[in-house]
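Only one structure is covered here, and it is reproduced in the block below.
Both counts, for ligands and for their atoms, begin at 1 and track the order of listing.
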Amino acid sequence: MTAARLLIVGPQGSGKGTQGVRIAEALGVPAVSTGDVFRANVKEGTELGQQVKAIIDAGDLVPDELTSAIVRDRLAQGDAAGGFLLDGYPRNLAQVADLDAFLGGRGEELTGVIELVVPREESIARLSKRAAEQGRDDDNEESIAKRLSIYENETAPILDVFRERGIVDQIDGVGSLDEITERITAALTARGITA
Ligand code: AMP
């Protein structure tokens with residue numbers, strides 16, 4: 001059996017948050033979403049929240065040092081000792097280097113990367129729906145376009161790094177929630193990552 005030290009990656013609107021929580025729950029590891037951490041801080045009006053609100057609303061990336069420090073703190077908590085599922089981090093090559101250094105210091109590495117593949121038109125349609133339902137401040141047209149372009153230019157290249165390590169599973173992200181969860185579970189099982 002392989003420890004579940006996982007990353008889920010996909011364009012905004014790919015459903016990675018929902019699938020990440022489902023998979024983490026099934027495996028009994030914490031789901032760590034940097035987007036959720038930032039949003040919770042904005043909502044509570046913490047100092048971190050005040051620092052990042054404008055950046056997030058504009059669809060830009062929060063500075064790497066700040067984001068990496070938050071993830072390090074979170075992964076140092078006891079519940080992440082046996083495994084974790086990262087959602088939304090790392091998101092560029094600098095963050096990959098930060099995470100590698102941190103995990104390497106513990107004698108660990110990522111064991112699996114789930115790449116959710118969703119066509120651009122489909123993710124835009126889902127984001128517009130989410131904007132109407134949830135009213136997220138960063139789900140406006142300008143911010144969505146910026147986030148999708150950051151995904152293509154900065155986040156997609158991290159997948160090449162992980163592909164070279166042989167740990168990426170490409171999962172078709174179009175279908176019912178259950179179908180997609182099953183696809184991911186099957187791919188992880190094939191890697192020896194099971195509950
Ligand atoms: P998400 O919920 O993953 O789409 O993240 C929402 C927003 O939080 C992003 O558009 C960024 O502004 C910020 N954010 C989340 N994760 C990161 C990250 N790894 N690096 C920098 N900014 C991030």
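In V62, the parts holding a heavy atom less than 4.0 Å from any atom of ligand 1 are both the side chain and the backbone. When non-hydrogen atoms are compared, ligand 1 lies under 4.0 Å from neither the backbone nor the side chain of D36. Neither the backbone nor the side chain of E154 comes within contact range of ligand 1; no heavy atom lies under 4.0 Å.
In terms of the salt bridge (Lys or Arg N to Asp or Glu O under 4.0 Å) criterion, R72 has no residue partners (sequence neighbours excluded).
Of the protein's heavy atoms, Q95 NE2, 2.9 Å lies nearest to atom 20 (N) of ligand 1. The nearest heavy-atom contact from the protein to atom 19 (N) of ligand 1 is G88 O, 2.8 Å. For atom 13 (C) of ligand 1, the closest non-hydrogen atom on the protein side is F38 CD1, 3.8 Å. Taking atom 7 (C) of ligand 1 as the reference point, the nearest protein heavy-atom neighbour is I56 CG2, 4.0 Å. Among protein heavy atoms, atom 10 (O) of ligand 1 sits closest to R147 CD, 3.2 Å. Here the heavy atom of the protein found nearest to atom 4 (O) of ligand 1 is R91 NH2, 3.2 Å. Nearest protein heavy-atom contact of atom 6 (C) of ligand 1 is R39 NH1, 3.5 Å.
Using a 4.0 Å cut-off to heavy atoms of G35, the atoms of ligand 1 that qualify are 2 (O), 5 (O), 15 (C). Atoms of ligand 1 lying under 4.0 Å from at least one heavy atom of T34, given by number and element, are 15 (C), 16 (N), 17 (C), 19 (N). Below 4.0 Å from some heavy atom of T67 lie the following atoms of ligand 1, by number and element: 18 (C), 19 (N), 20 (N), 21 (C). Using a 4.0 Å cut-off to heavy atoms of D60, the atoms of ligand 1 that qualify are 11 (C), 12 (O). Ligand-side atoms of ligand 1 in range of Y89: 19 (N), range being under 4.0 angstrom from any heavy atom. Near K16, the atoms of ligand 1 lying under 4.0 angstrom from a non-hydrogen atom of the residue are 3 (O).
When L99, L85, I167, L110 are each tested for a side chain to side chain contact (heavy atoms under 4.5 Å, CB included) with L7, only one passes: L110. Of the options N153, D64, T155, a side chain to side chain donor-acceptor pair (under 3.5 Å) to N92 is made by D64 and by none of the others.
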Item to complete: Could you give me the CA-CA distance, side-chain angles and deciding distance for V117 and D172, then say whether side chain to side chain contact (heavy atoms under 4.5 Å, CB included) is met?
Response: CA-CA 5 Å; V117 181; D172 176 4; 5.8 Å; no
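At least one side-chain heavy atom of L6 sits less than 4.5 Å from a side-chain heavy atom of L27.
Salt bridge K43/D36: absent, no basic N to carboxylate O contact under 4.0 Å. The pair R126-E122 meets the salt-bridge criterion, since a charged nitrogen lies less than 4.0 angstrom from a carboxylate oxygen. A salt bridge between E115 and R163 is present, with a side-chain N of the basic residue lying under 4.0 Å from a carboxylate O of the acidic one. Ion pairing of R74 with D79 is present here, as a side-chain N (NZ or NE/NH1/NH2) and a carboxylate O approach within less than 4.0 Å.
By the 4.5 Å side-chain criterion applied to Ile, Leu, Val, Met, Phe, Trp and Tyr, I124 is assigned to a cluster that also includes L127, I144, L148.
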